[in-house]
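See below for the structure under consideration.
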Amino acid sequence: MGNSDSKLVFKQGIFKLSEPESIPADDPYWRGFWELPDSTEDVFSLFSPVDVRRARDSSLPNIETLIVALTSRLFTLRHHRSFPDPEVAPEKQAINCIRVLTRILPFLYEADHLEVWEDTFFWAKRRRRAKGQKAQPEVLFDESHKEEEPLAKEEERFEDVRPLGEELVDTLIDLLFCIGFTIPYTERSRTRITYAIWAKGVGCNTSMSSSKEVESNRIEILRLLLTLSSKSLYMPAHVLPTKGVKAVTYITTCPDKQLVLSLLCSQLNTALNYNPASWRVPYDHVVYKDPKQILVSYCLQFLLVLVLYPIPEGGKGPPPKNYFRHFLGRLHRPQDFEFLADGMARTLNQPLHVTSSYLPGSQKSLKWASEMIMLFWEMLQCNKRFRSFIIDTDRGHEFMTLILFYATECKTDTSKQGVIRMCVFVLQTLSTEPNFGKLLNQEFERQDALPATIKLNDFTGTYADFLIISIHNLITSSKGKLDAIYPSLLATINNIAPYLEQLGPQASFKLHQLFASMSSPSFLLANETNYSLLQSLLESMNAIIEHQYSNNKIFIQGVFKSRRRFEALRSFTLESGQLEIERIKQRSKEAAEASHPPASPTRTSRNSSVDSVRSPLSARTPTLSNVPEEGGAFAIGDDDDSEDEEQEMLRTPSQSSPSAHDSRTASLSSSTEEPLPAQVRGMSEKARGKMPAGQPSFSRQNSTTSLNNHAATISLPTSGFDPTAHWIDSWLPTLPLHTILTLLSSSSPPKEIPPGLDPSPPRVHLFEWTPLSLGWYESLLWGFIFASEMVVQKGTVGVWNGTAVRLFKVETVAATGPSLMKPMGAVDAVGSRLVSGVASLGVGARGGSEAREGTARAMTVRDV
């Protein structure tokens with residue numbers, strides 16, 4: 001469509017599509033859809049959302065005929081012996097069929113009233129005239145004698161054929177391995193469809209040549225396969241895992257081993273072979289489009305769509321198997337694991353290289369780091385050999401540091417809360433292996449090379465120290481925003497606790513700070529599940545005492561320093577807790593009225609808050625929330641430091657200022673709307689051995705019942721909570737205080753662990769998948785896919801832009817101003833800044849505000 005005339009013809013054809021009268025299937029009109037367009041941009045710009053919806057709503061039969069015409073032409077080209085011959089079977093026609101299908105499918109998926117139609121049209125068996133049957137010739141002149149009996153008319157015979165959706169999926173996958181189209185010609189090519197792995201890596205030791213044309217064709221096909229799978233975007237998250245998507249179900253249940261392995265390894269190797277650090281001219285990615293990045297992104301995303309997919313169970317017979325996930329879990333060669341770990345680490349390390357460059361923005365910043373974390377997590381869950389490889393070869397240290405970097409980097413970005421949640425579960429998954437905890441005792445290296453985001457000031461210690469301090473920072477700096485993952489963070493500490501040796505002063509101090517805040521009345525009475533967090537932390541402390549008593553003198557000293565707090569917790573009552581909360585509020589109010597120090601307005605504001613969790617430093621009463629300790633300054637940190645730091649501890653919404661969070665209840669909607677994998681109380685190795693045969697630690701089959709018979713889960717809090725004495729009596733006696741109180745029966749730390757404190761077997765704290773949490777997980781993945789396609793530039797076309805997505809909420813935010821990377825409108829921006837500068841001097845007081853209000857709006861994906 002190189003000239004305006006052909007574009008006009010194509011646009012006129014699009015208008016005709018929405019006319020009331022049906023267009024015959026054999027009309028030459030349909031040929032324009034695969035002959036006229038020259039690019040994906042042509043299809044998406046000329047075939048607007050308004051055009052698609054108009055045709056869908058006013059002339060659905062024409063949409064049906066269009067889809068049949070496009071798919072029929074695509075099937076014909078795929079089976080043509082000369083494809084892709086530019087004369088008799090040109091690849092342009094196949095690509096245009098794929099482009100138009102990609103354009104219209106999302107608008108069919110978004111329409112709820114077409115759900116039954118779409119299911120029947122794409123996934124019901126079809127009937128067609130049987131092959132070899134000739135049509136009866138029409139008799140124009142009947143010269144037969146009346147007395148003769150007429151010839152019996154031959155009955156028309158029809159045969160059932162497979163659904164249109166299945167044939168389309170099979171055709172697209174075959175086209176991904178078509179010689180001369182998506183696979184380069186070679187001298188050994190014998191068949192047109194060759195299931196050859198695209199790149200060197202898993203399952204392939206030789207590299208395959210490629211070209212821009214081949215990669216471009218792969219991109220178009222993968223984009224349509226992702227679009228076929230994107231029915232997920234138009235379902236609520238709680239419905240998705242049980243209802244499923246027929247296209248993805250059909251692909252993942254394919255029993256053809258060669259096809260599955262070829263597709264799996266091609267996507268995997270293409271994604272992991274990409275090296276953004278290869279030598280290039282600085283800033284070349286700003287000027288030129290890099291289709292390789294689009295291909296890598298689509299490969300990784302489509303791979304995750306297949307591997308993550310939980311196949312809906314029919315309730316009859318054995319549960320269906322996801323063959324892509326199955327074969328990913330069967331990888332076992334060390335060289336394959338080395339390839340996977342290197343490729344993942346290369347991508348995840350990229351932001352560290354970008355920020356350290358001498359020319360800011362001169363290197364590419366990869367957009368699929370979140371998807372790579374998800375692939376790493378999937379490998380940890382479905383392949384125990386890979387999990388052991390990562391940990392036993394010390395790669396666990398590298399990935400732990402990278403995961404902490406991404407979790408910390410995203411904690412202030414409200415649109416990336418899902419990434420933080422995923423990172424925390426990755427840490428918990430790693431911590432389930434005993435060797436991970438043991439190897440954390442090695443000295444932490446390369447502290448100076450860390451980015452400022454996670455670099456700890458004046459830190460010396462082990463990887464265990466670094467992990468505990470980082471977890472403490474995540475909890476205390478989140479101000480209640482990450483309360484849904486507190487159980488997972490504490491479960492991680494619990495899993496590594498039996499193996500920790502020589503905890504340093506900083507890590508020991510942080511653990512005791514967590515205990516001080518979690519044992520305060522204001523925290524315990526905030527909702528009905530906070531006590532379980534205290535219980536988990538106490539179990540971690542018990543594990544350190546019972547298993548590593550002689551190797552953790554600094555930590556044990558801290559336990560004795562907090563003697564009064566542990567003892568006061570045993571006699572905690574509702575009345576004493578409520579009185580202490582009121583006393584703290586009153587003292588905070590009096591302190592705020594008595595003094596207003598100008599140098600610390602933030603502290604005054606926080607202490608005067610109605611829901612402040614702690615009292616001022618001067619307010620010290622012998623109660624559970626603020627127990628005075630004996631013996632002067634604590635070796636890990638004196639009392640003043642402890643109280644000052646606790647001002648920022650565990651600011652759950654009920655403990656934050658009313659301006660940010662009105663109440664604990666008001667914030668729970670986010671937790672309940674986004675159900676995460678359920679935490680499972682620690683299981684001993686003996687209990688894990690009684691799990692169903694062949695049941696992996698993180699299985700998704702029978703996800704609602706897989707572990708319920710073995711351990712109790714930690715539930716989410718409910719709204720409208722009102723603590724009672726009966727409720728306190730239900731959990732206070734179960735707090736695991738025996739080990740610590742027995743130790744504290746001595747006046748000072750004994751040299752040996754006291755008799756009677758026999759170590760209990762280490763307990764592994766797992767999580768289990770439920771249909772609701774799987775819905776959250778899939779919505780997280782599709783949020784990544786949607787966001788990466790949302791901005792139309794450098795190869796992306798905005799496949800789902802403007803459609804009625806139901807899986808998550810899409811919001812608009814102010815677009816950032818022009819920069820070196822985005823120079824469009826720079827002159828206008830400079831003018832606006834000059835106007836704003838003049839306005840600040842009092843000349844033209846409205847200029848600055850008007851310039852700011854004129855800021856463009858852009859879309860973003862809300863945290864999923």
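The model shown is predicted, which means the values in this text are computed figures rather than measured ones.
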- Query: Relative to the ring of Y109, is the ring of Y234 parallel (under 30°), tilted (30 to 60°) or perpendicular (over 60°)?
  - Reply: tilted

- Message: Once you measure the plane-to-plane angle for F121 and W117, does it fall in the parallel (<30°), tilted (30-60°) or perpendicular (>60°) bin?
- Response: parallel

Partner set under salt bridge (charged side-chain N to carboxylate O under 4.0 Å, His left out) for [X], not counting sequence neighbours:
X	answer
R162	D170
R99	E220
R103	none
E110	R53, R56

Hey, does the side chain of [X] reach the backbone of [Y] with a donor-acceptor pair shorter than 3.5 angstrom?
X	Y	value
T65	P61	yes
S532	T529	yes
N383	L331	yes
R421	Q417	yes
R54	S18	no

- Nearest heavy-atom neighbours spanning V245 and S232: CG2-OG, 3.3 Å

- Note on the structure: Closest non-hydrogen atoms of M344 and F386, given as atom of the first, atom of the second and distance, are SD-CZ, 4.3 Å

- Task: Just grab all the salt bridge (Lys or Arg N to Asp or Glu O under 4.0 Å) pairs involving residues 293-303, residues at least two apart or on different chains.
- Result: none

- According to the salt bridge (Lys or Arg N to Asp or Glu O under 4.0 Å) rule, which pairs have a member within residues 236-247, sequence neighbours left out? E115-K243, D119-K246

- Query: In this structure, are over 12 heavy atoms from other groups packed under 6.0 Å from R330 atom CZ?
  - Reply: no

Please list, chain by chain and in numerical order, all residues satisfying ring pair (Phe, Tyr, Trp, His ring centres under 6.0 Å) with [X], sequence neighbours excluded.
X	value
F327	none
W368	Y274
W123	none
F122	none

- Message: Between the side chains of E167 and R126, is the shortest nitrogen-to-carboxylate-oxygen separation below 4.0 Å, so that they form an ion pair?
- Response: yes

- Task: Determine, for D174 against R78, whether the closest basic-nitrogen to carboxylate-oxygen distance falls under 4.0 angstrom.
- Result: yes

Can you see whether [X] engages [Y] through a side-chain donor-acceptor pair at a distance of less than 3.5 angstrom?
X	Y	result
Q679	E768	no
N495	T432	no
Q301	S297	yes
T227	S230	no

- Message: If you take the centroid of each ring, where Trp contributes its six-membered ring, are F786 and W782 closer together than 6.0 Å?
- Response: no

- Any pair counted as side-chain hydrogen bond (donor to acceptor under 3.5 Å, both in side chains), so long as it reaches residues 253-263, sequence neighbours left out: none

- Message: My understanding is that only residues two or more places apart in sequence, or in another chain, count here; which of them pass side chain to side chain contact (heavy atoms under 4.5 Å, CB included) with S72?
- Response: V68

- Task: Take L17 and F47, measure what side chain to side chain contact (heavy atoms under 4.5 Å, CB included) needs, and give me the verdict at the end.
- Result: CA-CA 11 Å; L17 190 66; F47 209 165; 3.8 Å; yes

- Message: How long is the straight-line distance from OH of Y486 back to CG of L474, given to the nearest 0.5 Å?
- Response: 9.5 Å

- Report the distance from atom CG of L105 to atom CG of L226, rounding to the nearest 0.5 Å. 12.5 Å

- Option among Q267, R218, E789 that satisfies the side chain to side chain donor-acceptor pair (under 3.5 Å) test with Y298: E789

- Query: For F808 and W776, what are the C-alpha separation, side-chain angles and deciding distance, and is it a ring pair (Phe, Tyr, Trp, His ring centres under 6.0 Å)?
  - Reply: CA-CA 10 Å; F808 44 76; W776 163 79; over 10 Å; no

- Query: Between E778 and Y309, is a side chain to side chain contact (heavy atoms under 4.5 Å, CB included) present by the stated rule, with each step listed?
  - Reply: CA-CA 8 Å; E778 285 199 87; Y309 183 68; 3.9 Å; yes

